[in-house]
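Quick notes on the structure that follows.
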Amino acid sequence: TMLFSEIRQQVRKQDPFCNSLFQQCGELLGSACASACTLLEPDVLILSGSLLDDRDYWISPFEEQFYANIFPLCQTKLMYSSI
């Protein structure tokens, strides 16, 4: 089994398997966040934490899934914080 720090190192080296893990993570997170925002209808969804350090590897599939799965009338805005 690989630790997250090892996966992070490998994705930065363009490892295809680890890159696919980040892509899948982004897709699942986007879908889950869309479901939560559809139910709760917050004005803003703020993502923060150390995973944002590697957002280049998962942000695109995250946003694609988020906007594809959120209820069309929901006006939740996405924001990213480094705090």
Side-chain angles (χ1 to χ4, degrees):
T1 59
M2 295 178 82
L3 299 174
F4 178 71
S5 60
E6 295 170 341
I7 294 171
R8 175 186 274 170
Q9 289 174 348
Q10 292 303 312
V11 79
R12 290 177 178 170
K13 294 178 182 177
Q14 303 299 319
D15 178 87
F17 175 72
C18 292
N19 192 37
S20 71
L21 291 177
F22 268 70
Q23 296 284 316
Q24 289 176 12
C25 175
E27 291 171 1
L28 294 171
L29 185 61
S31 181
C33 287
S35 295
C37 289
T38 295
L39 290 173
L40 302 172
E41 295 187 46
D43 292 330
V44 178
L45 175 66
I46 302 171
L47 297 177
S48 65
S50 63
L51 192 56
L52 288 179
D53 294 340
D54 301 303
R55 76 173 113 194
D56 293 342
Y57 305 107
W58 61 268
I59 200 73
S60 181
F62 166 80
E63 289 181 349
E64 287 174 19
Q65 287 298 311
F66 181 82
Y67 291 117
N69 290 297
I70 197 165
F71 185 68
L73 298 178
C74 188
Q75 299 295 316
T76 301
K77 295 180 178 112
L78 292 174
M79 295 183 77
Y80 306 97
S81 173
S82 59
I83 296 176

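Here the side chains of Asn19 and Pro16 are not in contact, with every heavy-atom distance at 4.5 Å or above. Looking at heavy atoms from C-beta onward, Phe66 lies in side-chain contact with Leu45 at the 4.5 angstrom threshold. Taking the side chain as every heavy atom from C-beta outward, Val11 and Phe17 never approach each other to under 4.5 Å. Taking the side chain as every heavy atom from C-beta outward, Cys25 and Leu51 approach each other to under 4.5 Å.
Taken from CG in Leu47 to SG in Cys33, the straight-line distance is 5.5 Å, to the nearest 0.5 Å. The CD1 atom of Ile7 sits 12.5 Å away from atom CZ of Arg12, with the distance rounded to the nearest 0.5 Å. Rounded to the nearest 0.5 angstrom, Cys37 SG and Leu78 CG are separated by 7.0 Å. For the atom pair Ile59 CD1 and Asp54 CG, the distance stands at 11.5 Å (nearest 0.5 Å). The distance from the CD atom of Glu27 to the CD atom of Glu64 is 8.0 Å, given to the nearest 0.5 Å.
Closest non-hydrogen pair, Leu52 versus Ser81, comes out as CD1-O, 3.1 Å. Looking at every heavy atom in both residues, Gln65 comes nearest to Ala34 through O-CB, 4.4 Å.
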Inset, instruction - Give the intermediate values and the outcome of side-chain contact (heavy atoms from CB on, under 4.5 Å) for residues Glu6 and Gln10. - result: CA-CA 6 Å; Glu6 295 170 341; Gln10 292 303 312; 5.6 Å; no
Legend entry - Test side-chain contact (heavy atoms from CB on, under 4.5 Å) applied to Thr38 and Ser35, step by step: CA-CA 5 Å; Thr38 295; Ser35 295; 5.7 Å; no
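The list of ring-ring contact (aromatic ring centres under 6.0 Å, His included) pairs with a residue in residues 38-60, not counting sequence neighbours, reads Trp58-Phe62.
Grouping Ile, Leu, Val, Met, Phe, Trp and Tyr residues whose side-chain heavy atoms lie under 4.5 Å apart, directly or via other members, places Met79 in a hydrophobic cluster with Val44, Ile46.
Hydrophobic clustering of Ile, Leu, Val, Met, Phe, Trp and Tyr side chains at less than 4.5 Å, counting indirect connections, keeps Leu28 apart from Tyr67.
Not a single donor-acceptor pair under 3.5 Å links the side chain of Ser60 to the backbone N or O of Asp56. For the pair Thr76 (side chain) and Pro42 (backbone), a donor-acceptor distance under 3.5 Å is present.
For Lys77 and Asp43, the salt-bridge test fails: no basic side-chain N is under 4.0 Å from an acidic carboxylate O.
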